[in-house]
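The structure appears below as structure tokens.
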Amino acid sequence: MSAILPATEPKANSNAQADVALPAAKRDIAPLLLVPALMLAMLPLVGSFPTWLTLTVAGLAMGMMIFIMASGLTLVFGLMSVLNFGHGAFVAVGAFTATLVLLPMRGWLEMDSLLINLGVLALAVTLAMAVTGLLGWAFERIIVKPVYGQHLKQILITMGGMIVAEQLIHVIWGAETIALPLPTALRGAIVWQDAAVEKYRLVAVVVGLVVFVAMFLVLNRTKVGLLVRAGVENGEMVEALGYRIRRLFVAVFAAGSALAGLGGVMWGLYKETLTAAMGSEIMVMIFIVIIIGGLGSVGGCFIGALLMALVANYAGFLAPKIALVSSIILMISVLLWRPAGLYSTSRS
């Protein structure tokens, strides 16, 4: 921390940081109403409350997982202005790293004990986040650092990094699909008023909310969070105030990679199968969420992920053909309303 903060902190600087870190857009509540409004509007269209509840919980769970994977990347975009098209590699590496714990301890996962099952999952998630965080640090230092400010080269080199990562996964884990069944305690569904809600989807909602609240508290209640938000809004001003914000870049990149690893584990359990290309396949959804939410905005990313997942679920039930392009229709609609996204805080 001392390496980031200056030796002295004039009082005037603190006021200036607050002005930089709290843009007027953050006080806009209109995007906050989109998710509940969508949910309420779909209830009469779906017609059946149990069906609506099942679709809604499924959409929220999917949205939470996408948010976890996209939240770190939107900060990298906003703070570092880096077009990291290789972010999906951390999703895949995180999921495959978790198998080093989940597969050898499969017997523990087959026990009908929620505590034991969650303990094994926590161990697997910890290992996955540690590995992807370290990989993210190395990726930024070796691959991204030489191409700062050169967006075309960033796209090419990060996509190349993702391709290399996929091939390394084939080398280490093989080219075949790996089955990743859910733990026994998380299988099945909870039935309430004829509505079947899968247990794992509830866990995904809880984990997503915990990650969002943790990020909100860090970004809004800590000194480091203040510097990150200020750097997203106006990095040059923060540098002029004497803060070495460049030291935060590596930490943000590594943290975003670790979150991608967490999301990869959850997505792999959600699909119950792992492939080396799973990261590249989900990148389209991640980029759509970031564009909808606005570059650099964790709150916008959260709302965008929930909107996209809910729209996909409702459309899949009401109009399956439209569901194939529902994400694109949603993105176009949001950009026509707000071309910079719901809560864009990026200076780019």
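Sequential numbering from 1 along the given sequence is applied to the chain's residues. In what follows, every heavy atom counts, from backbone to side chain, and hydrogens, waters and symmetry copies are set aside.
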- Message: Distance alone, cut at 3.5 Å: any donor-acceptor contact between the side chains of Tyr314 and Thr56?
- Response: yes
- Nearest-0.5 Å distance, OG1 of residue Thr184 to CH2 of residue Trp108: 14.0 Å
- Flag side-chain contact, heavy atom, 4.5 Å: Leu202 against Lys199: no
- Message: With a 4.5 Å cut-off on side-chain heavy-atom distances among I, L, V, M, F, W and Y, is there a chain of contacts connecting Val311 to Val325?
- Response: no
- Message: Test side chain to side chain contact (heavy atoms under 4.5 Å, CB included) on Phe67 and Leu306; report intermediate values, then the result.
- Response: CA-CA 8 Å; Phe67 162 72; Leu306 295 183; over 6 Å; no
- If Ile, Leu, Val, Met, Phe, Trp and Tyr residues are connected whenever their side-chain heavy atoms lie under 4.5 Å apart, and connections chain through other members, are Ile190 and Leu269 in the same group? yes
- Met331 and Ile322: same hydrophobic cluster, using ILVMFWY side-chain contacts below 4.5 Å? no
- Within a reach of under 6.0 Å around CE of Met39, are more than 12 heavy atoms found that belong to other residues, nucleotides or ligands? yes
- Item | Exceeds 12 heavy-atom contacts within 6.0 angstrom, atom CG of Leu33 | yes
- Message: Is there a side-chain contact between Ile178 and Leu103 in this structure, where contact means two heavy atoms from C-beta onward sitting under 4.5 Å apart?
- Response: yes
- Query: Counting N and O atoms only, with roles assigned by atom type, does the side chain of Thr54 sit under 3.5 Å from a partner on the main chain of Ala196, one being a donor and the other an acceptor?
  - Reply: yes
- Note on the structure: What one should report as the nearest heavy-atom pair of Arg141 and Val250 is NH2-CG2, 3.3 Å
- Message: Distance check, rounded to the nearest 0.5 Å: Ile303 atom CD1 versus Ser297 atom OG?
- Response: 7.5 Å
- When hydrophobic residues are tied together by side-chain contacts of less than 4.5 Å, even through go-betweens, does Val191 share a cluster with Leu114? no
- Message: Between Arg187 and Leu182 (side chain of the first, backbone of the second, donor and acceptor by atom type, cut-off under 3.5 Å), is there such a pair?
- Response: yes
- CG of Leu121 to OG1 of Thr126: how many Å apart, nearest 0.5 Å? 10.5 Å
- With Leu227, the side chain to side chain contact (heavy atoms under 4.5 Å, CB included) member among Leu219, Leu248, Thr222: Leu248
- With side chains defined as the heavy atoms from C-beta onward, is the minimum distance between Leu156 and Lys153 less than 4.5 Å? no
- So CZ of Phe96 and OG1 of Thr132: to nearest 0.5 Å the spacing works out to 14.5 Å
- Message: Rounded at 0.5 Å granularity, tell me how far CE in Met42 sits from CG in Leu318.
- Response: 6.5 Å
- Query: Ile66 and Met308: side chain to side chain contact (heavy atoms under 4.5 Å, CB included), yes or no, with the steps?
  - Reply: CA-CA 9 Å; Ile66 296 174; Met308 188 182 73; 3.6 Å; yes
- Under a single-linkage definition using a 4.5 Å side-chain heavy-atom cutoff for Ile, Leu, Val, Met, Phe, Trp and Tyr, are Ile332 and Ile290 assigned to the same hydrophobic cluster? yes
- So, for Pro181 and Arg106, which heavy atoms are closest and what is the spacing to 0.1 Å? CD-NH2, 4.4 Å
- Item | Non-hydrogen side-chain atoms of Leu186 and Glu198 separated by less than 4.5 Å | no
- Task: Can you sort out the partners of Tyr270 under side chain to side chain donor-acceptor pair (under 3.5 Å), two or more places apart, ordered by chain and number?
- Result: Arg201
- Task: Could you tell me whether the side chain of Thr177 reaches within less than 4.5 Å of the side chain of Leu274, counting heavy atoms only?
- Result: no
- Message: Please list all pairs meeting side-chain hydrogen bond (donor to acceptor under 3.5 Å, both in side chains) that have one or both residues in residues 88-105, counting only residues at least two apart or in different chains.
- Response: Thr99-Trp173
- Message: For a 4.5 angstrom cut-off between non-hydrogen side-chain atoms, does Leu34 reach Trp337?
- Response: yes
- Task: Might you point out which heavy atoms bring Ala70 and Ile286 nearest each other, and give the distance in Å?
- Result: CB-CG2, 3.7 Å
- Message: Quick check against the 3.5 Å criterion: does Asn117 have a side-chain atom that pairs as donor or acceptor with the backbone of Pro183?
- Response: no
- Query: Do Val224 and Val218 come within less than 4.5 Å of each other through their side chains, counting heavy atoms only?
  - Reply: no
- Looking at CE of Met65 and CE of Met285, how far apart are the two atoms once the value is rounded to the nearest 0.5 Å? 9.5 Å
- Message: Tell me whether Thr74 contacts the main-chain N or O of Ser71 through its side chain, where contact means a donor paired with an acceptor under 3.5 Å.
- Response: no
- Sequence neighbours left out, what passes salt bridge (charged side-chain N to carboxylate O under 4.0 Å, His left out) with Glu166? Give chain and number order. none
- Message: Suppose we screen for ring-ring contact (aromatic ring centres under 6.0 Å, His included). Which residues come up paired with Tyr200, at least two apart in sequence or across chains?
- Response: none
- Task: Considering non-hydrogen atoms only, spot the tightest contact between Met69 and Gly263 and give its length.
- Result: CG-CA, 3.5 Å
- Item | Step-by-step side chain to side chain contact (heavy atoms under 4.5 Å, CB included) determination, Met62 to Trp267 | CA-CA 9 Å; Met62 181 180 176; Trp267 191 257; 4.2 Å; yes
- Item | Partner residues of Phe49 under the ring-ring contact (aromatic ring centres under 6.0 Å, His included) criterion, sequence neighbours left out | Trp52
- Message: Please find the pair of heavy atoms, one from Gly136 and one from Ser257, that lie closest to each other, and give the distance.
- Response: CA-OG, 3.3 Å
- Query: If every non-hydrogen atom of Phe90 is compared with every non-hydrogen atom of Ala260, which pair is closest and at what distance?
  - Reply: CB-CB, 3.8 Å
- Query: Would you call Ile68 and Phe212 a side-chain contact if the rule is heavy atoms closer than 4.5 Å?
  - Reply: no
- ring-ring contact (aromatic ring centres under 6.0 Å, His included) partners for Phe253, two or more places apart: none
- Step by step, work out the side chain to side chain contact (heavy atoms under 4.5 Å, CB included) result for Phe249 and Val76. CA-CA 8 Å; Phe249 285 5; Val76 170; over 6 Å; no
- Message: Given 3.5 Å as the limit, does a donor-acceptor pair link the side chain of Thr158 with the main chain of Phe85, or not?
- Response: yes
